[in-house]
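Read through the structure below, which is laid out as structure tokens, and then see the notes.
Each chain gets a letter, A, B and so on, in the order the sequences are listed, and its residues count up from 1.
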2 protein chains.
Amino acid sequence: MFRSSGPGIDPSRPVYVISVAAEIVAVHPRTLRIYEEAGLICPSRTESNIRLFSENDLRRILWIRHLTQDLGVNLAGIKLLFQLEERLGERILERLYEEGNKKSERAVAAAREGGRR
Amino acid sequence: MFRSSGPGIDPSRPVYVISVAAEIVAVHPRTLRIYEEAGLICPSRTESNIRLFSENDLRRILWIRHLTQDLGVNLAGIKLLFQLEERLGERILERLYEEGNKKSERAVAAAREGGRR
DNA sequence: AGAACCCTATCAATGGTGTTGTCAAGGGTG
DNA sequence: CACCCTTGACAACACCATTGATAGGGTTCT
């Protein structure tokens, strides 16, 4: 499903520093920090406290983007949805809104292509 | 659970006109019309097109109030949550946030007491 | 060492949302 | 007839989401 899910590549591995992550998902770094403050994402940190985002983090960000930009849900609503997801087992929201997710994944793939040029 | 769930009283029976319903749940009538426009509530109508709210409608409104006022979720988010509830079977959200609901029910009971004076 | 990035924290501008409020013009009912 | 209901529009107010800039300080790489 994910371009980078090939052999030897772990989608949960933290690799992108905030400026790179922000460029890939086409969002201001400030916004990513706000998402983290709101408890919506939780990127890893290096020993020297620098945020590192994984592919899974990017996917989560694009999912948040879909909810806010396309559906108009605010951050409080997204937080509630994520809490629901935790309690009801993994991929319920995503199963329900697969089209949105596929869109997100295409966007990631495209963005990563673009970021690589 | 509901004071009015006694014998002979149907919580799904449409009885309250908008001004009465608004007074009971302590919300402006304008707000209730906006909730309906947003697809969050669907009160019955008389033959002459006048809205009639049931006890269940009031409970739903107080649930919406809890989500917006206490949790800060916006109407788009609530709509999504309601869609989830529909697809995942009845009272999932309410089971998760029982304290909020009990609060809502106490509020309804109190409001109806007050409205009766 | 210096450039370029990261960190936190703060302030501000912009556009959008939620809620209440009011006005108008018209219909139903005591 | 008075009063409440209807829809539709407009406005005010406060708050939120996003982007942007700034300051002071740390990390990484060349």
Side-chain angles (χ1 to χ4, degrees), chain A residues 14-54 57-58 60-82 104 107 111 115, chain B residues 14-54 57-58 60-82 104 107 111 115:
Chain A
V15 281
Y16 303 114
V17 92
I18 196 170
S19 61
V20 178
E23 192 191 353
I24 291 175
V25 298
V27 163
H28 200 278
R30 188 81 183 75
T31 307
L32 297 185
R33 295 192 181 105
I34 290 172
Y35 289 169
E36 191 186 17
E37 265 181 86
L40 265 35
I41 55 177
C42 190
S44 302
R45 301 274 188 151
T46 67
E47 290 176 359
S48 56
N49 203 36
I50 289 177
R51 274 171 271 249
L52 284 185
F53 296 79
S54 67
D57 289 330
L58 297 191
R60 193 176 177 90
I61 292 165
L62 287 172
W63 177 234
I64 294 170
R65 277 280 113 177
H66 172 56
L67 291 172
T68 57
Q69 304 306 105
D70 303 339
L71 300 185
V73 182
N74 67 4
L75 302 190
I78 295 175
K79 192 166 186 183
L80 200 55
L81 287 168
F82 283 172
S104 289
Chain B
V15 282
Y16 304 113
V17 94
I18 195 171
S19 60
V20 178
E23 192 189 355
I24 292 174
V25 297
V27 163
H28 200 278
R30 188 82 185 76
T31 306
L32 296 186
R33 295 193 182 104
I34 289 173
Y35 287 171
E36 190 187 16
E37 265 181 85
L40 266 36
I41 54 177
C42 189
S44 302
R45 299 277 187 150
T46 67
E47 291 175 359
S48 55
N49 203 35
I50 289 176
R51 274 172 272 250
L52 284 185
F53 296 79
S54 67
D57 290 329
L58 297 191
R60 193 176 178 88
I61 292 166
L62 287 172
W63 177 235
I64 294 170
R65 265 325 72 189
H66 172 57
L67 291 174
T68 57
Q69 303 307 106
D70 302 339
L71 299 185
V73 182
N74 68 3
L75 302 190
I78 295 175
K79 192 167 185 182
L80 201 54
L81 287 167
F82 283 172
S104 289

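For the pair A/Leu75 CG and C/dT17 C1', the interatomic distance rounds to 13 Å; values are reported in whole Å.
Among the protein residues, B/Glu47 comes within range of no part of the nucleic acid, since none of its heavy atoms lies under 4.0 Å from any strand.
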All N/O donor-acceptor pairs, side-chain side in residues 33-44 of chain A, below 3.5 Å, sequence neighbours left out:
from, atom 1, to, atom 2, distance (Å)
A/Tyr35, OH, A/Arg65, NE, 3.3
A/Tyr35, OH, A/Arg65, NH2, 3.3
A/Glu36, OE1, A/Arg45, NH2, 3.4
A/Glu36, OE1, A/Arg51, NH1, 2.2
A/Glu36, OE2, A/Arg45, NH2, 3.3

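Dashed line: the shortest gap from a side-chain N or O of B/Gln69 to OP1 or OP2 of C/dG18 is not under 4.0 Å. OP1 or OP2 of C/dC6 has not a single side-chain nitrogen or oxygen of A/Arg51 nearer than 4.0 Å. The phosphate of C/dG18 (OP1 or OP2) has no side-chain N or O of B/Tyr35 nearer than 4.0 angstrom.
Each of B/Val73 and A/Arg33 was assigned the nucleotide of DNA chain C with the nearest heavy atom; the assignment lying further toward the 5' end belongs to A/Arg33.
Comparing atom distances between the B/Asn49 side chain and each of D/dT18, D/dT6, C/dC6 picks out D/dT6 as nearest. Listed candidates were C/dC6, D/dT6, D/dT18. Nearest to the side chain of A/Val17 is C/dC6.
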Exercise. List the steps, then state whether side chain to side chain contact (heavy atoms under 4.5 Å, CB included) holds for B/Trp63 with B/His66.
Key: CA-CA 5 Å; B/Trp63 177 235; B/His66 172 57; 3.5 Å; yes

Quiz item: What is the per-nucleotide protein-contact pattern of nucleotides 19-30 of chain D, from the 5' end, where B denotes a base atom under 4.0 Å from a protein heavy atom, S denotes such proximity for sugar-phosphate atoms only, and - denotes neither?
Solution: BBB-----SS--

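Counting only heavy atoms from C-beta outward, the side chains of B/Leu32 and B/Phe53 approach each other to under 4.5 Å.
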